[in-house]
2 protein chains.
Amino acid sequence: MTDRHRPTLATVAARAAVAPSTASLAFSGSSRVAPATRERVLAAAAELGYAGPDPVARSLRSRRSGVVGAMIGERLAYAFTDPVAVQLLDGVTEVLSPLGVGLLLLPGDADRRGPTVGQLAHVPLDAAVYATCGLEDDPALAHLQRRGVPVVAVDGPRVDDVVFVGIPDRRGTADLARHLAGLGHRRVAVVAMPLRLDGTRGPVTADRRARAHYRDVRERLLGVEEVLGPVPAVEGASNSVEEGERAGRALLDVPAPDRPTAVVAQSDLMAAGVLRAAEGLGLRVPEDVSVAGFDGVELPWLAPVRLTTVVQPTTEKGRVVGRAVAELVEGRRPDDVVLDVHLSVGTTTGPAPG
Amino acid sequence: MTDRHRPTLATVAARAAVAPSTASLAFSGSSRVAPATRERVLAAAAELGYAGPDPVARSLRSRRSGVVGAMIGERLAYAFTDPVAVQLLDGVTEVLSPLGVGLLLLPGDADRRGPTVGQLAHVPLDAAVYATCGLEDDPALAHLQRRGVPVVAVDGPRVDDVVFVGIPDRRGTADLARHLAGLGHRRVAVVAMPLRLDGTRGPVTADRRARAHYRDVRERLLGVEEVLGPVPAVEGASNSVEEGERAGRALLDVPAPDRPTAVVAQSDLMAAGVLRAAEGLGLRVPEDVSVAGFDGVELPWLAPVRLTTVVQPTTEKGRVVGRAVAELVEGRRPDDVVLDVHLSVGTTTGPAPG
DNA sequence: CCACTCTATCGAATCGATTCGACACCGCGT
DNA sequence: ACGCGGTGTCGAATCGATTCGATAGAGTGG
């Protein structure tokens, strides 16, 4: 690799017998440069194998790096088993890619909640998206704000100077709870996504709830209770089928009189786990127990079962985030956005037994 | 957002009554600066809310941006339904994150094979990884090489000045074919991953095969034929359960005498689809038809079925890529790496019927 | 007491491009 | 023939840090 003599704009300019400033104009496509001159510059560049202005140098002047950070709360392998996370980022890149802006993955590892300040400090960022990552008490957030990097938080808490994009989580599960109440369900339980990423699983205590990192998890729980009053909730250690199954078994593997007649899982992934738990315990859905989820993701392998769930427009949410980022990069301050959700009744909920 | 007066290193230096160069030394933790001075500089920085040296300016001097591009051949939502892609990137970030290097997602869209030169041109890159993206005839590759950005290709073709990390694809499927031959199978068919990303599906012609973009797809096919001679192959439009099912149905929905007794899918995802196809056609596995895959990914929803497959160390492959990238960034030229694979016999292959 | 050696700090050049104001030149109108 | 608007090109400052060679000053040994 010939690190030796990589040409710069100055080299190209010299070869085309123009000033560097003119060469720059030629590349940026300014109309202030004569077509013939532009040709000459481009030809010189081609001869020298010049690939265009150095992005780093350009970034320094223009105060734009073309890089947006995606803060991920776990390692990729775990975060991306969640179709919601993937769809979200897909929407973001759909908007940002055509603008020549890339999404930089900043995952945490098994222990941490997210990337550390040390990792962030060396990386050029035009903006950051808290994608699957709580941000309360996050030193990384403070660091970004000091740097003046604008932040968008998806489903995150509302924080000053952070753009919020989310959904009415509470109304979503409240609608779901009303649906269940209308079917006669009185003993309803919740399978919750992690309230914090510390590997905890099991019944959710009041204390635990107070120390939750994730706004959406809290809200989805409150939505159910708004309609049905306090309900037992079991937390999974991660948002996954396995943890959903585990929590589901904990709730359902009890004598029939104590058993919930309906289980509301906070994600479709966990709902799929609850379905497996029910199957494993020989319970029919929805005759013995109703199961509902949240998100509205495609889980083709469940077919022909159709999960009752609260559908959120995940990809569109990603696009909205992408547009918000684009505006922030332009220097504007976009409004917070709350997208809509709707209940989709499938085959997994029915009248309460008995 | 106070864009107005963000402090720079010079501001901090002035406040600490030292030269900018000394302040720089203080931040880079050089031992050539007196502890007391360092304290003073750090204190001044804290008072001013200075978040540390600007990464872009630093990059300009040090010729390092801390950003590595991941070239993705499709939109994220499709690429990341593939657990292999996710595990691979997980391994890459596992190595790179602690080094303060981030992975920049550069997806293509529905039409393109990968990111365009226009998108690449504005983004600072220390290196690029062709993760899920063919690179033959790719103008983006030429652009990267002109820029002097080192490239690592996963399972990619061997190209000059591109570091190769892969597996013995051909030996893997050859082992699998021998396993099937040993069970008495003579009529074996292949369900192939896309040879190019152009939405084509259906029987693989010789012409199509010659114009394939993906080395691994070709090799896996050749491995089977090395042992069993020419076999019919059906290509899916994408590497997914749905396309696997579609291709599987095309192969299996024929009168028994013509029907293959074993189907080799080129990925576990597609193998899962073939299993669904068999189920849909009322065929028992492995009594009526044997099915095998490739990759060795976890597909928990298949349980209790255990897929016969060729296991590759995907996460480790990602780590190897990460280490190769790290070396390239340091200016060294790492060797190509070929990791090992092994056959894992599950419950989906058995003696040929009849 | 002088010379010599470190050590801590500083100055200035450098990384590679962008951008704004200045300027030369051309053609046209009067 | 002179001036004027307009176009195309150029110079120089700037973005924010890093780094090497120079230097002042403190400390040490003869």
Side-chain angles (χ1 to χ4, degrees), chain A residues 3-41 44-45 48-66 121-126 146-149, chain B residues 3-41 44-45 48-66 121-126 146-149:
Chain A
D3 255 350
R4 203 73 23 225
H5 277 316
R6 199 160 299 290
T8 74
L9 189 56
T11 324
V12 174
R15 183 165 237 260
V18 298
S21 49
T22 304
S24 174
L25 269 332
F27 274 101
S28 62
S30 159
S31 60
R32 299 200 46 86
V33 62
T37 311
R38 188 205 307 302
E39 287 302 307
R40 205 143 39 83
V41 172
L48 291 170
Y50 177 71
D54 180 322
V56 176
R58 177 215 290 279
S59 300
L60 181 60
R61 262 268 51 190
S62 62
R63 317 294 302 131
R64 300 257 213 103
S65 65
H122 297 302
V123 155
L125 290 180
D126 288 347
R146 260 203 307 278
R147 264 174 66 177
V149 175
Chain B
D3 254 352
R4 208 55 39 212
H5 276 316
R6 200 160 299 290
T8 73
L9 190 56
T11 324
V12 174
R15 184 164 236 264
V18 296
S21 50
T22 305
S24 174
L25 269 332
F27 274 101
S28 63
S30 157
S31 61
R32 301 201 42 87
V33 61
T37 310
R38 189 204 310 298
E39 288 302 306
R40 206 142 40 84
V41 172
L48 292 170
Y50 178 71
D54 182 321
V56 175
R58 176 216 291 278
S59 300
L60 181 59
R61 270 248 72 177
S62 62
R63 318 291 306 130
R64 297 258 212 104
S65 67
H122 297 303
V123 156
L125 291 180
D126 289 345
R146 260 202 307 278
R147 264 174 66 178
V149 176

Qualifying salt bridge (charged side-chain N to carboxylate O under 4.0 Å, His left out) pairs with a residue from residues 20-39 of chain A, counting only residues at least two apart or across chains
none
Partners meeting side-chain contact (heavy atoms from CB on, under 4.5 Å) with A/P53 (sequence neighbours left out)
A/F27, A/Y50, A/R58
With B/T22 via side-chain contact (heavy atoms from CB on, under 4.5 Å) - residues at least two apart:
B/V18, B/A19, B/V33, B/T37
Could you state the atom-to-atom distance from CZ of B/F27 to C1' of D/dG16 in whole Å?
13 Å
Under the salt bridge (charged side-chain N to carboxylate O under 4.0 Å, His left out) rule, collect the residues that match up with B/R146, sequence neighbours excluded.
none
Tell me: CZ of A/R63 to C1' of C/dT19, nearest whole Å?
15 Å
Quickly work out the A/R64 CZ to C/dT18 C1' distance and round it to whole Å.
14 Å
Figure out the CZ/P separation between B/R61 and D/dT19, and round it to whole Å.
7 Å
Which residues satisfy the side-chain hydrogen bond (donor to acceptor under 3.5 Å, both in side chains) test with A/S21, sequence neighbours excluded?
none
Exercise: identify the closest heavy-atom pair between A/P55 and B/R147
CG-NH2, 3.5 Å
Applying a 4.0 Å non-hydrogen cut-off, can you work out what B/S24 is touching in the nucleic acid: base, sugar-phosphate, or nothing?
base
note: B/H122, atom NE2; C/dA17, atom C1'; distance rounded to Å ~ 14 Å
What bend angle does the helix from C/dC1-D/dG30 to C/dT30-D/dA1 show across its length, from five-pair end axes and to the nearest 10 degrees?
60°
Non-hydrogen atoms of B/V123 and A/G66 that approach each other most closely:
CG2-O, 3.8 Å
For DNA chain C, find the residues of residues 51-60 of chain A with a heavy-atom distance under 4.0 Å and give them by number; none if there aren't any.
A/P53, A/D54, A/A57, A/R58, A/L60
Please state whether the phosphate of D/dA17, meaning OP1 or OP2, lies under 4.0 angstrom from any side-chain nitrogen or oxygen of B/Y50.
yes
Using side-chain contact (heavy atoms from CB on, under 4.5 Å) as the criterion, list what pairs up with B/A57, not counting sequence neighbours.
A/L60, B/D54
So, for A/A45 and A/V12, which heavy atoms are closest and what is the spacing to 0.1 Å?
N-CG1, 3.8 Å
For the side chain of B/S24 and the backbone of B/P20, is there at least one donor-acceptor N/O pair under 3.5 Å apart?
no
Please identify each residue that fulfils side-chain hydrogen bond (donor to acceptor under 3.5 Å, both in side chains) with A/S65, with sequence neighbours left out.
A/D126
Extract from the structure each pairing of a protein N or O with an N or O of nucleotides 24-27 of chain D at less than 3.5 Å, listing the distance.
none

Return a single string for nucleotides 4-12 of chain D, one symbol per nucleotide in 5' to 3' order, where B is base contact, S is sugar-phosphate-only contact and - is none, cutoff 4.0 angstrom on heavy atoms.
----BBBBB
For C/dA17 and A/S62 - does any side-chain N or O of the residue sit under 4.0 Å from the phosphate oxygens OP1/OP2?
no
Measure the distance from CZ on A/R6 to C1' on C/dA17 and round it to the nearest whole Å.
17 Å
Is any side-chain nitrogen or oxygen of B/T8 closer than 4.0 Å to OP1 or OP2 of D/dA17?
yes
